[in-house]
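See structure below.
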Amino acid sequence: MPYDHSNVEGRIYEFWEKNGYFKPDFSKKGKPFSIIMPPPNANAPLHIGHAVFITIEDILIRFFRMQKRPVLWLPGFDHAGFETWYVFQKKIEKEGRDIFQENPQKIYDEIFKFTQKNRDISREQLKKVGASADWSREKFTLDKDIIEIVYQTFEKFYRDGLIYRGKRIINWCPYHKTSLSDLEVVYKEEEGWLWYIKYPFKQTIKTKNGQKIDHITVATTRPETMLGDRAVAVNPKDKRYKDFIGQKVILPILDREIPVIGDEAVDINFGTGAVKITPAHDPLDFEIAQRNNLGAIQVIGFDGKMTKEAGSDFEGLAVKEVRREIILKLKQLGLLEKKEIYKHSIGHCYKCNSIIQPQLSDQWFIKMEPLAKKAIEVIKKNKIKFYPAYQKNILLNWLSNIKDWNISRQIIWGIRIPVWYCQKQGSALCRKKNGIIISNKKPKECPYCKSKDLIAETDVFDTWFSSAQWPFATLMTSSQGGADFKKFYPTSVMETAYDILFFWVARMIMVDIYITGEIPFFDVYLHGLVRDKDRQKMSKSKGNVIDPLGVVDQYGADALRMALVFGTGVGRDIIISEEKIKSQRNFTNKIFNAGNFVLMNLGDNFDPKKINPKLTKEDKLILDKTKKVKAELKKDIKNYKFHEAAQKIYQFFWHQFCDKTIEDCKKRIYRAQNENEKDTPRFVLWTVLYESLKMLHPFMPFITEDIYQKLPSKPKDALIIEEW
RNA sequence: GGGCGAGUAGCUCAGUGGUAGGAGCAUCCCGUUCACAUCGGGAAGGUCAUAGGUUCGAAUCCUAUCUCGCCCACCA
């Protein structure tokens with residue numbers, strides 16, 4: 001009879017949960033083992049990637065639970081700021097509504113409900129995969145106590161001078177109307193034009209060797225930004241332009257007088273070696289402008305259209321149109337020298353693919369360098385270990401070139417930045433503080449100048465700012481309060497996908513060290529992305545998505561889990577296919593049948609302790625092999641070599657125990673002349689099955705527990721709390 | 001421009017100094033009263049990308065090259 005997981009998995013999960021086996025046992029004396037679950041985004045059902053982390057983390061959790069250590073796996077869900085905003089905006093658009101026209105509070109409430117619904121669905125899905133997490137400690141990133149911690153962190157950073165508000169060039173998505181962090185911009189190589197534009201000198205210049213020069217040529221890919229030009233810059237070392245520095249040119253079309261300046265940042269070899277400076281719409285230009293006190297003119301608005309500053313001819317036009325117009329005018333004026341085909345990379349919003357507009361904007365930033373410095377230190381000292389090890393260098397490299405992090409977002413969904421602005425700024429102190437008051441609730445009056453004219457900051461935090469605090473925030477606020485933090489922080493391992501190494505892992509290390517004074521975790525295990533058998537990323541549009549819940553329904557969670565770790569090296573991408581899942585489903589069937597057969601031959605009252613076995617050479621061999629495999633598995637799991645462990649136990653159980661030992665014992669039992677002769681083979685079967693169930697349990701928890709429950713003389717109430 | 005990873009059986013991948021290189025799937029042959037056909041027994045299949053080098057010994061270490069994939073970067 002084939003194994004039917006649908007009769008087993010739900011029932012077994014309920015049994016575990018009902019008996020409180022997922023809760024950490026504080027009375028255990030071993031070294032605490034803890035994992036903070038990477039909180040799934042509460043904006044969609046689970047995908048196969050979630051099944052991966054559940055499987056890996058659950059293997060660790062179940063293994064260490066059996067190692068007699070107090071174990072905590074703390075689950076949670078993420079409000080996932082911008083990600084959820086994106087999902088919800090699309091949902092609303094389908095309903096024919098415009099998210100920017102709706103009442104903000106109403107939208108917030110709607111999204112909140114939406115996430116809570118998704119959270120409930122996702123939780124049930126995680127359980128279906130077998131996650132033995134302590135749901136009584138579940139947290140949400142918008143829980144009041146979590147928000148309170150995020151506020152405190154913000155305030156501490158601000159007080160310590162690590163958070164500042166300032167006008168900087170940020171990545172602006174004109175579709176979402178918000179800034180994005182550097183990590184949220186995807187650069188794509190595109191072919192465009194490099195335009196060479198002549199900027200006439202105010203007065204013709206005579207060089208030392210008597211040449212008369214009436215213009216300087218600049219090269220640009222974005223001619224429309226010339227409307228916001230404040231200067232033309234050349235490298236002071238560039239001999240060609242030596243005499244031009246300090247001269248004035250007339251900006252074509254607008255006929256504005258702008259200077260030629262010298263700045264070392266200009267690349268002599270690019271284009272003509274002379275660059276137009278548009279401080280409001282280019283990061284490098286902004287830097288140069290700051291060094292040279294040039295000021296900035298915003299000519300492209302936050303809606304992607306030209307502003308009033310661009311002049312009446314262009315105001316209100318979209319960027320593309322203006323470009324055309326500008327080129328046309330320059331041609332008419334005879335100031336377009338030439339154009340060249342040019343390949344360069346252009347930033348796009350990682351969600352909606354809109355071209356990112358560099359914009360000068362007032363935003364909140366964190367100074368990253370001091371934080372990165374400490375992180376680099378602990379990583380270099382191997383206080384945090386990485387699996388696979390090469391991720392360490394990737395992270396160190398990123399940390400040592402870090403830039404300040406823009407943590408404010410102009411969306412409604414998220415944790416509001418707890419700031420009020422005094423409009424009056426009626427005292428020297430208030431002006432010194434820029435009228436910034438850190439407070440969650442609206443203060444009665446300005447603490448600096450007693451003005452009552454206060455307005456609220458409407459920006460919310462980048463979701464990763466709160467996620468960065470997740471390890472200590474959850475432990476400090478879980479249902480056990482500070483006890484969990486004391487017992488389980490730093491956590492044992494942070495297990496997540498490698499594509500959020502910078503987004504999340506790096507920031508946790510930096511922020512958590514600063515706030516708690518300790519590293520947030522000892523190990524970082526980064527798993528790969530799930531791909532189909534042609535190595536393609538899974539996506540809905542490609543139609544190659546494997547729905548983990550569908551797989552669980554069809555083949556069982558045990559088969560899915562085993563298929564995800566089988567043959568997947570540490571940190572490598574995970575290739576999954578129906579055939580692979582099927583082969584593991586066959587393995588569950590094998591386990592089921594072997595288990596049944598052994599149980600049948602043992603009888604209900606068999607007790608290995610009452611047997612005095614007369615072991616044959618083969619018996620000794622298999623018992624010895626069992627011990628050996630067990631020791632190897634232990635080592636493999638501790639080293640995160642799940643694929644090795646999975647393959648070993650698969651080989652051992654199927655091709656040693658089933659193919660050899662069971663066959664051997666079967667003959668001995670069937671041929672036995674009396675009951676006593678059955679004792680030794682029964683003893684061997686009982687022992688190897690019992691040990692195998694333990695070894696298999698972290699990988700395939702349901703079927704192993706089900707068999708264990710039927711095992712005569714089982715030492716414990718449940719396999720999940722067995723001792724390895 | 002900088003960096004990382006990979007190239008091993010038809011396919012997907014383990015193995016990363018030591019007998020004669022493994023697994024799963026697929027293939028071929030044989031086998032169903034006797035736990036399991038979601039099975040059992042057996043077979044076939046590899047110059048370990050290429051070229052040099054280190055070594056008593058290299059798939060494994062070093063150097064170079066090629067091919068694929070990925071990440072980072074302010075090329076105006």
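Letters go in sequence order (proteins before strands), and every chain restarts at 1.
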Side-chain N,O (Y670(A)) to OP1/OP2 (rA35(B)) below 4.0 Å | yes
How does protein contact run along nucleotides 18-28 of chain B, one letter per nucleotide 5' to 3', with B for base contact, S for sugar-phosphate only, - for none, heavy atoms under 4.0 Å?
-> -----SSS---
Would you please confirm or rule out a distance under 4.0 Å between OP1 or OP2 of rC39(B) and any side-chain N or O of K590(A)?
-> no
Test item: M562(A) and F587(A) side chains (from C-beta on) under 4.5 Å apart, heavy atoms | yes
Using a cut-off of 4.0 Å on non-hydrogen atoms, how would the nucleic acid contact of Q391(A) be classed: base, sugar-phosphate, or nothing?
-> nothing
What's the OH-P distance between Y342(A) and rA76(B), to the nearest Å?
-> 4 Å
Short side-chain N/O contact from H344(A) to OP1 or OP2 of rA76(B), under 4.0 Å | yes
Tell me, which of residues 267-277 of chain A have any heavy atom that sits under 4.0 Å from an atom in RNA chain B?
-> D267(A), F270(A), V275(A)
How would you label the contact of P2(A) with the nucleic acid (heavy atoms, under 4.0 Å): base, sugar-phosphate, or nothing?
-> base
Touch check for V598(A), heavy atoms < 4.0 angstrom, all strands: base, sugar-phosphate only, or nothing?
-> nothing
Just list the side-chain donor-acceptor pairs under 3.5 Å for residues 642-654 of chain A, sequence neighbours left out, or say none.
residue: H643(A); atom: ND1; partner: T568(A); partner atom: O; Å: 3.4
residue: K648(A); atom: NZ; partner: E632(A); partner atom: OE1; Å: 3.3
residue: K648(A); atom: NZ; partner: D636(A); partner atom: OD2; Å: 2.7

Between rU60(B) and rG7(B), how far is it from one C1' atom to the other, in whole Å?
-> 14 Å
What integer distance in Å separates L599(A):CG from rC36(B):C1'?
-> 14 Å
For D573(A), report the nucleic acid contact type (base, sugar-phosphate, nothing); a contact means any heavy atom under 4.0 Å.
-> nothing
Between rC30(B) and rU16(B), how far apart are the P atoms? Round to whole Å, please.
-> 39 Å
Can you check the L529(A) CG to rC4(B) P distance for me, whole Å?
-> 20 Å
Which listed nucleotide (rA73(B), rG15(B), rG5(B)) is nearest to the side chain of H643(A)?
-> rG15(B)
Salt-bridge test for E184(A) and K351(A): reply yes if a basic N is under 4.0 Å from a carboxylate O, no otherwise.
-> no
Between F386(A) and K392(A), is there a cation-pi geometry (under 6.0 Å to ring centre, at most 45° from the normal)?
-> no
If you round to the nearest 0.5 Å, how far is CD of E287(A) from CG of D285(A)?
-> 9.5 Å
side-chain N/O K403(A) vs rC74(B) OP1/OP2, d < 4.0 Å | yes
Where the side chain of I575(A) is defined as all heavy atoms beyond and including C-beta, which of rG15(B), rU12(B), rA35(B) is the nearest nucleotide?
-> rU12(B)
Report yes if a side-chain nitrogen or oxygen of R572(A) is closer than 4.0 Å to either non-bridging phosphate oxygen (OP1 or OP2) of rU12(B); otherwise report no.
-> no
Base, sugar-phosphate alone, or nothing: which one does K666(A) contact when heavy atoms must sit under 4.0 Å apart?
-> base
Under 4.0 Å between a Lys/Arg side-chain N and an Asp/Glu carboxylate O for K338(A) and E340(A)?
-> yes
Can you tell me the distance, in whole Å, between the CZ atom of R531(A) and the P atom of rA6(B)?
-> 15 Å
Starting from the C-alpha separation in whole Å, work towards a yes-or-no answer on side chain to side chain donor-acceptor pair (under 3.5 Å) for T278(A) and D229(A).
-> CA-CA 4 Å; T278(A) 317; D229(A) 280 1; 2.7 Å; yes
With both pairing distances under 3.5 angstrom for Watson-Crick or G-U wobble, and | for a partner in another strand, the correct string for RNA chain B is ((((((((.[[[[.)..(...]]]].(((((.......))))).....[[[[[..)....]]]]])))))))....
Rounded to whole angstrom units, what separation is found between the OH atom of Y187(A) and the C1' atom of rG2(B)?
-> 16 Å
With sequence neighbours excluded, tell me which residues meet salt bridge (Lys or Arg N to Asp or Glu O under 4.0 Å) with R682(A).
-> E675(A)
D462(A): partners by salt bridge (Lys or Arg N to Asp or Glu O under 4.0 Å), with sequence neighbours left out = R409(A)
